[in-house]
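Accompanying notes for the structure given below.
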Amino acid sequence: MAARPPFPPFDEETARIKVQAAEDAWNTRDPKKVSLAYTEDSVWRNRDQFVTGRAEIVEFLTRKWERELDYALRKELWAFRENRIAVRFQYECRDADGQWYRSYGNELWEFTSEGLMARREASINDLKISESERRIFGKRPEEEYGVPFPLQ
């Protein structure tokens, strides 16, 4: 298993780096690339689904991004302690019929000493929006790293 710095215990700077790295990876919409940040036996709760291991993570993310078109994500550090990080996030996507959504959520992350995520728990709610209400477009520009985003 390849190590994924920064490593716990996290301070504010390293926690922010970890959160931005996760945002950047998920915005690639590349399930295999994203899965490499997790342990081989990583355990997830995502909404009402439970996923275990990298192979299931790849399958889950493949299905997700086949369904959630033009997906674009923003994550924000909420809290951190030792080997755990809490984030809030928003993402926008559209379905095959062209309906846009903004999804709001919170995640709890737990890391190994090698910097790999062993546990991820995500609670997510979806809001239908019109295309004109969109505010998340692709990867975050570097000058916006660490800039909080509005709740609504």
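Numbers here simply count residues along the sequence, with the first being 1. On a predicted model such as this, the values are computed, not experimentally measured, just so you know.
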Without swapping roles, check the side chain of [X] against the backbone of [Y] for a donor-acceptor pair under 3.5 Å.
X	Y	answer
Arg54	Ser35	yes
Asp30	Lys32	yes
Arg102	Glu133	yes

Atom pair [atom1]/[atom2] of [X] and [Y] - distance to nearest 0.5 Å:
X	Y	atom1	atom2	answer
Glu92	Arg74	CD	CZ	8.5 Å
Leu108	Glu121	CG	CD	6.0 Å
Glu76	Asn106	CD	CG	11.0 Å
Cys93	Asp126	SG	CG	7.5 Å
Gln90	Arg88	CD	CZ	6.0 Å
Leu77	Arg16	CG	CZ	5.0 Å

How close do [X] and [Y] get, heavy atom to heavy atom, and via which atoms?
X	Y	value
Ser103	Arg47	OG-NH2, 3.9 Å
Leu61	Pro31	CB-CB, 3.8 Å
Leu116	Thr39	CB-CG2, 3.7 Å

Quick one, Ser42 and Ile57 - any side-chain contact, counting heavy atoms below 4.5 Å?
yes
Sub-4.5 Å side-chain heavy-atom contact between Glu13 and Pro6:
no
Side chain to side chain donor-acceptor pair (under 3.5 Å) filter on Gln49, not counting sequence neighbours, yields none
I'd like to know if [Y] and [X] are part of one continuous hydrophobic network [Ile/Leu/Val/Met/Phe/Trp/Tyr, side-chain heavy atoms within less than 4.5 Å].
X	Y	answer
Val34	Ile17	no
Val19	Ile124	yes
Met117	Val58	no
Ile129	Tyr104	yes

Let me check something: any side-chain donor-acceptor pairs from residues 136-143 under 3.5 Å, sequence neighbours excluded? List them with distances.
residue	atom	partner	partner atom	Å
Lys139	NZ	Tyr145	OH	3.0
Arg140	NE	Glu23	OE1	3.3
Arg140	NE	Glu23	OE2	2.9
Arg140	NH1	Glu144	O	3.1
Arg140	NH1	Val147	O	3.1
Arg140	NH2	Glu23	OE1	2.8
Arg140	NH2	Lys75	O	3.2

Please walk me through it: do Phe111 and Phe10 pass ring pair (Phe, Tyr, Trp, His ring centres under 6.0 Å)?
CA-CA 10 Å; Phe111 293 88; Phe10 299 111; 5.2 Å; yes
No-hydrogen, no-angle side-chain donor-acceptor test under 3.5 Å, Arg45 and Ser123
yes
Scan side-chain atoms only and decide if Thr62 and Glu59 contain a donor-acceptor pair under the 3.5 Å cut-off.
no
Looking at Arg119, Arg120, Arg84, which hits salt bridge (Lys or Arg N to Asp or Glu O under 4.0 Å) with Glu110?
Arg84
Go through Tyr101 and Asp95 one step at a time and tell me if the side chain to side chain contact (heavy atoms under 4.5 Å, CB included) criterion holds.
CA-CA 8 Å; Tyr101 294 89; Asp95 64 19; 3.6 Å; yes
Evaluation steps, side chain to side chain contact (heavy atoms under 4.5 Å, CB included), between Trp100 and Arg134
CA-CA 8 Å; Trp100 284 92; Arg134 291 184 62 209; 3.2 Å; yes
Is it true that Arg81 and Asp11 have a side-chain N and a carboxylate O under 4.0 angstrom from each other?
no
With sequence neighbours excluded, give me every ring pair (Phe, Tyr, Trp, His ring centres under 6.0 Å) pair touching residues 56-83.
Trp26-Trp65, Trp44-Phe60, Trp65-Tyr71, Tyr71-Tyr91
